[in-house]
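As the structure lists them, so they are numbered: ligands from 1, and atoms in each ligand from 1. Owing to the predicted nature of the structure, the values given are computational and were not obtained by experimental measurement.
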Amino acid sequence: MTNNSGSENAKLAEELVETLLAGKRQAANTLILDRVKEGLPIQTLYLEVFQPALYKIGMLWQENSITVAQEHYCTAAIQMIMSMLYTRIFKMERNGKTLVATCVGGELHEIGIRMVADFFEMEGWDTYYYGANTPIRDMIETIRDINPDVIAISAAMSFNVATVKDLIREIRVELGEKAGKILVGGRPFNISKDLWKEVDADGYAVDASQAVSVAGSLIAM
Ligand code: B12
């Protein structure tokens, strides 16, 4: 199994962005799937290729070098390529642990929490991924039904941090001790390192890889 070096992965991320900005999503698909067939681990692909590629796209968009339409095209294409990987992601042996993963209501950035859910899935967890913009009421009912070991909550926009806090408060009020451990993450939590404590979470992780290890320590406590 080959595991590309950091610089090779950075080059691949750049090539992916260039290919997508040239409007060639089929070529981008081949570029990535070929590397995966050659042995590039999906975890490395996510964190060292897709994540930096998306951050780059965000920067280009922020500085008006690309249009909103180009950003949407690139984002949709990366999600399409991610979808091609599930036959590999779902193959792992189960470990009996369950994760619920969601964005809060109003939060439309869903790829980060999707990566988090996929990392847990690849470690053998049964994952329930709800994506963007999930209302508090529905999440409470879902968590009650599923009774997960860990609840992963994501916000990319700082204006959604208050909703993270509301959701956690409701989980604690309604489910008390029975609620699983609550992990938060996303851009505002990466910028302000103690913010997770202010929203009354049990833990925080900087990325999808660290999320799995922090969850492991939380449920061992
Ligand atoms: C794609 C994108 C969108 C898409 C999202 C589509 C989708 N289906 O997800 C759309 C077009 C909807 C969008 C909308 C907006 N966006 Co936007 N978007 C992005 C972009 C380019 C990529 C996001 C992404 O997928 N990143 C890659 C993932 C993998 O990274 P990540 O989210 O950080 O996740 C990792 C970690 O944070 C962590 N993590 C994340 N969640 C969790 C949860 C837990 C529990 C744990 C442990 C860890 C964890 O693990 C993840 C994997 O390692 C970013 C650029 C950026 N820097 O991210 C801008 C960005 C986030 N957006 C931005 C903005 C401004 C907006 C809008 C306000 C634009 C507008 N004017 O409408 C809206 C807000 C929408 C809303 N209400 O949520 C800004 C935010 C700036 C700021 N100061 O906060 C950014 C940074 C772009 C920029 N440089 O200006 N956006």
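For ligand 1, the atoms closer than 4.0 angstrom to any heavy atom of I113 are 43 (C). Annotation for ligand 1: atoms under 4.0 Å from non-hydrogen atoms of A211 are 47 (C). Distances below 4.0 Å separate heavy atoms of H72 from the following atoms of ligand 1: 11 (C). Counting the atoms of ligand 1 from 1 in the order shown, those under 4.0 Å from a heavy atom of I153 are 43 (C), 44 (C), 45 (C). Listed by atom number, the atoms of ligand 1 under 4.0 Å from Q79 heavy atoms are 8 (N). When each atom of ligand 1 is checked for a heavy atom of L47 under 4.0 Å away, the hits are 53 (O). Atoms of ligand 1 found under 4.0 Å from any heavy atom of D207 (numbered from 1 in listed order, with element): 38 (C), 50 (O), 53 (O). Shown in contact with E107 at under 4.0 Å from a heavy atom are these atoms of ligand 1, numbered in order with element: 78 (O).
For atom 38 (C) of ligand 1, the nearest non-hydrogen atom from the set N133, V206, I111 belongs to V206. If you check each of G203, G186, A117 against atom 49 (C) of ligand 1, the one with the closest non-hydrogen atom is G186. Comparing heavy-atom distances from atom 81 (C) of ligand 1 across Q62, R187, E63 singles out R187 as nearest. Comparing G185, S154, G112 against atom 34 (O) of ligand 1, the shortest heavy-atom distance belongs to G112.
Checking E48 against Q43 by side-chain atom types alone, no donor-acceptor pair falls below 3.5 Å. There is a side-chain donor-acceptor pair under 3.5 Å between Y86 and D118. Side-chain N/O atoms of T75 and E71 include a donor and acceptor closer than 3.5 Å. Judged by distance alone, the side chains of R187 and S192 never bring a donor and an acceptor atom under 3.5 Å apart.
Inside a sphere of radius 2.8 Å centred on atom 17 (Co) of ligand 1, the protein N/O/S atoms present are H109 NE2.
Annotation: side chain of I168 is not in contact with side chain of I151 (no heavy-atom distance under 4.5 Å).
By the neighbour-count criterion of 12 heavy atoms within 6.0 Å, atom CD of E63 is densely surrounded, having more than that number from other residues, nucleotides or ligands. At most 12 heavy atoms of other shown residues, nucleotides or ligands fall within 6.0 angstrom of atom CE in M84.
The N/O atoms of Q51, backbone and side chain alike, include one that comes under 3.5 Å of an N/O atom in ligand 1.
Side chain of Y204 to main chain of L183: no donor-acceptor pair is present (N/O by atom type, distance under 3.5 Å, no hydrogens or angles). A side-chain donor-acceptor contact under 3.5 Å links T19 to the backbone of E15. In this structure a side-chain-to-backbone donor-acceptor pair under 3.5 Å is present from N190 to V206. Of the possible polar contacts, none joining the R25 side chain to the L20 backbone as a donor-acceptor pair under 3.5 Å is found. In terms of modelled atom types and a separation under 3.5 Å, the side chain of N133 and the main chain of G105 share no donor-acceptor contact.
Within a 4.0 Å radius of atom 70 (C) of ligand 1, the protein contributes no heavy atom. Closer than 4.0 Å to atom 36 (C) of ligand 1 lies at least one heavy atom of the protein. Distance screen at 4.0 Å: atom 79 (C) of ligand 1 has no protein heavy-atom neighbour inside the cut-off.
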Audit row: R144, E141, salt bridge (charged side-chain N to carboxylate O under 4.0 Å, His left out) steps and yes/no: CA-CA 5 Å; R144 199 193 299 281; E141 292 315 315; 3.5 Å; yes

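Applying the side-chain contact (heavy atoms from CB on, under 4.5 Å) criterion to M157, with sequence neighbours excluded, gives E107, H109, F159, N160.
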